[in-house]
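Predicted model, so just to flag it, every value in this text is computed and none were measured. Below, read A as the first sequence line, B as the second, and so on, with proteins coming before strands; counting in each chain starts at 1.
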Amino acid sequence: MNYAMDKPIRKDMITKKLQNFDLKKIAESGQCFRMNKIEDLDTIKYSIVAFDKYLEILQENDNITFFCSKEQFTEIWHNYFDLDTDYNEINALADTKDNFLMNAINFGTGIRILKQDLWETIISFIISQRNSIPRIKKCIEILCERFGERKEIDGIPYYTFPTAKKLASLQIEELNQCSLGYRSKYILETAKAVLHKEFDLEILKQMNYENSKIELMKLYGVGMKVADCVCLFSLHHIDAFPIDTHVNQILETYYKDGFPFERYSGYAGIMQQYMFYYKLNLAKV
DNA sequence: TGCCAGGCTTCAC
DNA sequence: GTGAAGCATGGC
């Protein structure tokens, strides 16, 4: 939806000068699905709903304006956008002889690995399987509008991500009507597992990468790839290296002798994200 | 029409 | 443990 026409008055805002922060690239990098461009001529402005909050962000070169209170920025968004990590330092560790990776980094600089809500990330990436990014966004939007909580800030309505309790209470037919296809049953079973504490999200947050991946894969509908996405895009285990169809094609084309995972131990996930984003946009390069 | 999309479960072996 | 079939849906 486009609320820019209404020009609502935003009371709170905080502007930061940030390096390695590209709003458009972050929004289009396929790690989050509720970040949308606000169609406003001559500005780079996006909205996002996360952690039950609605946020608008404006980018003017290195100046990033977050339309929220200073307190909310400190409590939520500073951490959400991983602002304590020096991406310059990580980018500099790449093998300069690796042409594909260097091109990917040059193309994708400004992407950051988000720290998203765990529950939302699990469901979002269950939906992502064998699905396209526009359709994933559409499915999640429907899910939120039908089963999330309607909220409003400065006259702007938005919907929170539905809770496990809410999703667990649904009939499978209600989920089927959200264009989720065969993923409906995965979502319903996962919601029930979380609601009944058969799967404890808080304990998962305390685990290391290896154990959290093993735990996530116990969920019905979560395999290696989805588990890695949750590890990377929510739990911030940046060793996780999700291999989907795109990354698999990259590995087969450019890394026939194997990707040097050991070299990038501790931050391989960031390299993966640059490569994924670059591959998505190769036709435009 | 057929192929593909940030794959997973099930089942045979 | 490995490999193949089947799976919903919509865009191209």
Side-chain angles (χ1 to χ4, degrees), chain A residues 24-36 100 104 107-108 111-118 120-143 145-146 167 170-194 199 209 213-255 259 268-284:
Chain A
K24 181 174 186 290
K25 292 179 188 175
I26 293 169
E28 294 176 356
S29 66
Q31 56 177 317
C32 61
F33 304 104
R34 301 201 70 195
M35 198 166 170
N36 296 311
F100 182 80
F107 185 78
I111 291 175
R112 309 184 76 86
I113 303 295
L114 302 175
K115 297 181 185 176
Q116 302 182 79
D117 175 73
L118 180 55
E120 176 174 341
T121 308
I122 291 172
I123 297 302
S124 295
F125 279 93
I126 284 177
I127 293 171
S128 81
Q129 61 183 266
R130 242 181 81 162
N131 214 338
S132 64
I133 292 174
R135 250 180 58 75
I136 297 164
K137 294 182 71 163
K138 190 65 189 171
C139 289
I140 292 172
E141 188 182 337
I142 295 172
L143 208 56
E145 285 183 3
R146 292 193 184 170
L167 293 184
L170 299 175
Q171 299 299 311
I172 192 77
E173 291 78 15
E174 295 177 272
L175 285 169
N176 284 339
Q177 288 166 9
C178 298
S179 297
L180 296 165
Y182 65 91
R183 307 166 194 84
S184 294
K185 57 183 183 295
Y186 298 158
I187 292 170
L188 190 56
E189 291 306 308
T190 294
K192 287 178 180 173
V194 169
F199 189 86
Y209 167 48
K213 183 173 177 179
I214 290 169
E215 280 304 304
L216 280 161
M217 288 174 64
K218 291 177 182 172
L219 288 169
Y220 185 47
V222 175
M224 289 219 310
K225 190 268 170 182
V226 170
D228 267 332
C229 284
V230 175
C231 284
L232 184 58
F233 303 133
S234 174
L235 298 169
H236 211 67
H237 295 308
I238 50 178
D239 254 331
F241 193 95
I243 299 177
D244 72 322
T245 53
H246 297 291
V247 176
N248 196 41
Q249 285 173 32
I250 292 168
L251 297 182
E252 287 180 349
T253 307
Y254 300 99
Y255 299 95
F259 184 78
I270 295 177
M271 300 300 164
Q272 180 274 162
Q273 194 59 9
Y274 285 134
M275 297 195 296
F276 173 81
Y277 180 73
Y278 183 50
K279 200 266 183 187
L280 270 191
N281 291 279
L282 264 181
K284 304 175 194 170

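As a whole-Å value, the separation of A/Ile133 CD1 from C/dG10 P is 18 Å. Whole-Å rounding puts the A/Gln249 CD to B/dG6 C1' distance at 12 Å. Between the NZ atom of A/Lys138 and the P atom of C/dG10 there is a distance of 11 Å, given to the nearest Å. Atom pair A/Ile142:CD1 and C/dT9:P shows a separation of 12 Å (rounding to whole Å applied). We find that CG of A/Asn248 is positioned 11 Å from P of B/dA5, with the value rounded to whole Å. Summarising the geometry, the separation between CD1 on A/Ile113 and C1' on B/dG6 is reported as 13 Å, rounded to the nearest angstrom. Note: CD (A/Gln177) to P (C/dT9) measures 11 Å, nearest angstrom. The NZ-C1' distance, from A/Lys137 to B/dG6, rounds to 14 Å in whole Å.
With rounding to the nearest 0.5 Å, the separation of OG1 in A/Thr121 from NZ in A/Lys115 is 13.0 Å.
Paired regions of DNA chain B, where each region holds three or more successive Watson-Crick or G-U pairs whose two hydrogen-bonding distances fall under 3.5 Å, are B:2-5 with C:9-12, B:7-13 with C:1-7.
Here A/Phe125 does not lie in a stacked arrangement on the base of B/dG6, lacking the combination of planes under 30° and ring centres under 5.5 Å apart.
Looking only at side-chain heavy atoms (C-beta outward), A/Phe276 and A/Gln31 stay at 4.5 Å or farther from each other. Within the 4.5 Å cutoff, no side-chain heavy atoms of A/Ile111 are placed close to those of A/Ile270.
In this structure, A/Tyr255 and A/Phe100 have perpendicular ring planes: the angle between them is above 60°, well past the 30° mark.
Within the structure, salt bridge (charged side-chain N to carboxylate O under 4.0 Å, His left out) pairs that include any residue of residues 226-238 of chain A comprise A/Lys213-A/Asp228 (at least two apart or interchain).
Using a 4.0 Å heavy-atom cutoff across all strands shown, A/Ser29 reaches at least one base atom of the nucleic acid. Residue A/Tyr277 is out of contact with every strand shown, counting any heavy-atom pair closer than 4.0 Å.
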If the sugar-phosphate is the primed atoms plus P, OP1 and OP2 and the base is the rest, what is the B/S/- string for nucleotides 7-13 of chain B, using protein heavy atoms under 4.0 Å?
BSS----
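Contacts of A/Lys138 classified as side chain to side chain donor-acceptor pair (under 3.5 Å), with partners at least two apart in sequence or in another chain: none. Among residues two or more places apart in sequence or in another chain, the side chain to side chain donor-acceptor pair (under 3.5 Å) test is passed with A/Tyr254 by none. Remark: A/Lys225 engages A/Phe125, A/Ser128, A/Cys229, A/Pro242, A/Asp244 in a side chain to side chain contact (heavy atoms under 4.5 Å, CB included) (not counting sequence neighbours).
Nucleotides C/dT2 and B/dG6 are separated by 27 Å at their P atoms, to the nearest Å. Taking the P atom of each, B/dG2 and C/dG6 are spaced 16 Å apart, rounded to whole Å.
Using a cutoff of 4.0 Å between basic side-chain nitrogens and carboxylate oxygens, A/Glu28 and A/Lys24 are scored as salt-bridged.
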